[in-house]
Structures are given as C-alpha cells and as structure tokens.
2 protein chains.
Amino acid sequence: MLARVSSTPSFKRLPRAVREQQMLDAAVKVFSRRGFHAASMDEIAEDAGISKPMVYAYLGTKEELFIACLHRETARMMLAIAGAAAPDLPPDQRLWRGLRAFFGFVGAHRDGWAVLYRQARGSQPFATELAAMRARLVEVVAGMLDHALRARGREVAATELEVVAYALVGASESLADWLADHPEAEPEKTATRMMNVAWLGAAQLLDGVTWRPPTD
Amino acid sequence: MLARVSSTPSFKRLPRAVREQQMLDAAVKVFSRRGFHAASMDEIAEDAGISKPMVYAYLGTKEELFIACLHRETARMMLAIAGAAAPDLPPDQRLWRGLRAFFGFVGAHRDGWAVLYRQARGSQPFATELAAMRARLVEVVAGMLDHALRARGREVAATELEVVAYALVGASESLADWLADHPEAEPEKTATRMMNVAWLGAAQLLDGVTWRPPTD
DNA sequence: GCGTAACCTTACGCACGAGTAGGTATGCTC
DNA sequence: GAGCATACCTACTCGTGCGTAAGGTTACGC
C-alpha cells in the first residue's frame, strides 16, 4: 500500500536519549516561533525529523512536552548562573558575575528564552512551574542581600528583602526581554546597565539610606 | 418549538453601550481566570448574561474582543497615572506620584491586570499592542530622567536612558505581578519599596555616579 | 538466518469551540 | 396600532489539531 521505496533509507534509527534531545530542540524552536497554543505537535514532529506518535511515546502530552522544555532550559540557565557566582565573593562581585552569566545565557539562547518564558508566564499550568524557579532565584538574591546586610551589622525584615529581591529579578527579566528583542545588543553591556540601576540602589539600601514618602 | 415561557421576562432590553460594557467586564473576568486560549466565547457570553451572537455582533472576533479589553484597561490605567504625575513637580515627586497611582490601580484591579497583561505578553498579536503602550510609558520615564539630567547640566545618550527607563518599568511591572498575587499587600507600601530601589539608584545615576565592571 | 523487541510509520477518531444562519420579541415613531 | 429598527435568541456548521490504533521495518542476540 505504501510506496516507501527503499531508495531512501535516510531514516537512521537512533537511541531514545538522542531522539528525545532532538525533539526537545525542535519543541523549543517551534514553541518559540508560534507560542504554546499555535504550535502544533505535527510541526514539532516534522521539525524534529520524526513522526508524531514518537513524540507522544517519548515525551507525552503537549503540555508535558512544554514542561519538559521548561525544565531543560531552566536547568541549563541555573547551571550557568550558579557556576559564575561563587558564594565567597563580595556581594557586588557576586551580583555582577550572576548578572553577566544570566544575560550571557539569554543572549546565547534568545529565541529559546524569549517566548518560552513569556509564554510560561501566561497560562496557569506553567505559571506555577515558572514561579517556582523564580522563587529560587529571588531567594538567592535575597540571601545575598541579607548576607551583605549582616556583614554591616544591620538587619531588615525578611519580607522587605524579598520584595527588593523580587524587584531586582523582575528588572533583570525585563531587560532580558529587551535583550531578546534587540539582536544587536551586547549581553555584557546590558549586564553593566543593570548593575548601574540595581547595585547603586541596593548599595544605598544596604547602607541604610532609604527614601520616605512625603507627607503631602 | 422553543419553550420560552413568558414567566421570565427577566431579560431587560438594554442599549448597546451598556451591554458592551457588561461584555467587556465579563471578558476581562473570564480572560483573567482562564487565559486567552482557554477562555471560551460561550463562557464570556454566559457571564455577561447574554448569548454568544450578541458578543460577535457588538465586539467582533475573540481576538478583537481581547484587544478591546486591553484598550479599555490600558486607557483607564494611563488616565490614572497621567492624572497623578503633574509635569511641573520635581522628578522624585513625579516618580513617586506616578508609582503610587500605578500600584493603586493594579491593587484595585488585581485580577484584571494580572492575567490580562501576563497574557498579552505571550502571543504575537497582542504583544505588539502591549509593547506600544509600554513604549509610551518608557518614553515618559526616560523623558523624566532626561529632564532631571539637563537640570543638573548633564547629558546622556538616548539609548542609555531608554534602557534604564526600561529596567524601571520592568521592575514596576514585576512588583505589580507580585502585588496581584498577594491580596494582603498594600499598594502604597509597594510603591514606597519600589521608590527605594528605583529612586536611590536613579538619583545616583543622575548625579553621575556609575558602576564600572571590574577588569577581572 | 531467524525471532523478538524496539523503532517508526500512515491514517484515522473525536472533541471542542469559533463563528453564523435565520428567526423572534420589544420598544419607538407617527 | 402599523411599521421599522434594533435587541436578542436557539441551534447549527465546520475547521483544526490532539491523541491513538494498527501495522511496517531495522537491528541485534543466539
């Protein structure tokens, strides 16, 4: 019935682990281009050079596939950052290294980052996934601030620190979006700019300088 | 054929303008709860107390409906902010008033904001809409910084300013997300925190203090 | 060489939800 | 109180794309 002429033995049989990576690569690419909803499993399969049922066999549902993408990418990113920011450096050095690694990663995976994370923010099932990873980041940053504070003999409520850390992380994510949209921009420069906004403010806070609302 | 018993004359006939607002209210609510894709026109119609064809007749396609929601909400927000930040105040006052208005608005429309904007970031057609409004905000902030700089006899490249402004706006949006997720948090306090991060950093920048990367 | 298991395919079922066709009631104007 | 416009309804069509059933094909052990 099928006219599969053996003139095309082009289909190599590959071990599962390899195929899974290919599929994830394709999935990230397609999800990025189209967004979660508009991406079709058929297109992902085709892009991976494989047929749809294989995707289901290996990575499961469309949702599960997306989560698998998220996990792989976040793991890679966390690794890149963690490897850069050694815990024994002074706070500004840690922040700088961490930011540089972060923006470097985003710069190197622009398309992957851009829509994958923007996408994940939107729909319920993924939002929680993403929130978890963001929480880890916030905790790290807050811990860093706390450490720096104690070294100066000062102390601040945990919530307060968390919010500041959240703002820093948020600003970084926004600049990451900006970076992903501006192919000509250099990651290193972006990291420097971020330091200019973040560190100058944070350093003041660490020294006890605060801004108080006027009693207008 | 239809057993519409006249025992329920409950359906008031209402003028178009009123119904449109009801529909938009319902749409914002449902889009927020479910996200753009998962939201069904049927549910929106039901929530608005009307039937589906009416929605199509008045507000058009699902996409057009969502954009209408976006427009209404952004217009409201811009109005709230513009009304608060008079252009003749000193920069920190303007920033403070603007931020307070912004977080006040988000606090009062938590569900509306949260998923509407998070959603809009994700999918192509809306991303541009949202980017346009964000651009307006960034421009305002950048203009503010520029104004403050000139007053001090200094000057900085436009791109540089834009990036700083972008970071500030981004941090604000993130804190807005945080606020939307924490029902107990007070908008005013959040605005103060944002000032502490943003203004202390920006003020330094305005004074020419900058952070430079180490030559590691 | 030959079975068996893993790899891989084509081709379909099926649900879900956007958008529409066509008809009914209600208020407003003269 | 006839007529017209506008508000409003029920009940469909139809595309799209997820997920699967059932069957080929290659590698590898013995």
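Side chains are part of it too, since the values below use all heavy atoms of this structure and drop only hydrogens, waters and symmetry mates. Lettering follows sequence order; numbering is per chain, from 1. On a predicted model such as this, the values are computed, not experimentally measured, just so you know.
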Between [atom2] on [N] and [atom1] on [X], what's the gap in Å once rounded to a whole number?
X     : N      : atom1 : atom2 : value
B:E46 : D:dT10 : CD    : C1'   : 15 Å
A:R19 : D:dT26 : CZ    : P     : 14 Å
B:L65 : C:dG19 : CG    : P     : 10 Å
B:R13 : C:dA25 : CZ    : P     : 11 Å
B:L59 : C:dG19 : CG    : C1'   : 15 Å

A:W113/A:F103 aromatic ring centres below 6.0 Å: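 No, they do not, as the ring centres are separated by 6.0 Å or more.
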Output field: ring centroids A:W211/B:W96 closer than 6.0 Å: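 Judged by ring-centre distance (under 6.0 Å), A:W211 and B:W96 do meet the cut-off.
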Closest approach of A:G112 to A:V28 (non-hydrogen atoms, all atoms of both residues):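 Here A:G112 and A:V28 meet closest at CA-CG1, 3.9 Å.
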Five-pair end axes of the helix from C:dG1-D:dC30 to C:dC30-D:dG1 and the angle they enclose, rounded to 10°: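 The value is 10°.
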Nearest listed nucleotide, side chain of A:M54, among C:dT26, D:dC9, C:dT9: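 Side chain of A:M54 sits closest to C:dT9.
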Between A:E129 and A:H71: side-chain donor-acceptor atoms closer than 3.5 Å: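 Yes, because at least one side-chain N or O of A:E129 sits under 3.5 Å from a partner of the opposite role on A:H71.
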Ring geometry between A:F126 and A:F36 (parallel below 30°, tilted from 30 to 60°, perpendicular above 60°):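 Ring orientation of A:F36 relative to A:F126: perpendicular.
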Could you run down the sub-3.5 Å N/O contacts of the protein with nucleotides 17-20 of chain D?
{"residue": "D:dC18", "atom": "OP1", "partner": "A:A39", "partner atom": "O", "Å": "3.3"}
{"residue": "D:dC18", "atom": "OP1", "partner": "A:K62", "partner atom": "NZ", "Å": "3.2"}
{"residue": "D:dC18", "atom": "OP2", "partner": "A:M41", "partner atom": "N", "Å": "3.0"}
{"residue": "D:dG19", "atom": "OP2", "partner": "A:Y56", "partner atom": "OH", "Å": "3.2"}
{"residue": "D:dG19", "atom": "OP2", "partner": "A:K62", "partner atom": "N", "Å": "3.0"}
{"residue": "D:dG19", "atom": "N7", "partner": "A:K52", "partner atom": "NZ", "Å": "2.9"}
{"residue": "D:dG19", "atom": "O6", "partner": "A:K52", "partner atom": "NZ", "Å": "2.6"}

Pairwise salt bridge (Lys or Arg N to Asp or Glu O under 4.0 Å) hits with a residue in residues 161-184 of chain A, at least two apart: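 Counting only pairs at least two positions apart or across chains, the salt bridge (Lys or Arg N to Asp or Glu O under 4.0 Å) contacts touching residues 161-184 of chain A are A:R118-A:D177, A:R118-A:D181, A:R121-A:E173, A:R121-A:D177, A:R134-A:E173.
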Within 45° cone and under 6.0 Å: B:K62 NZ/CZ vs B:Y56 ring: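 Judged by the rule (NZ or CZ under 6.0 Å from the ring centre, within 45° of its axis), B:K62 is not positioned above B:Y56.
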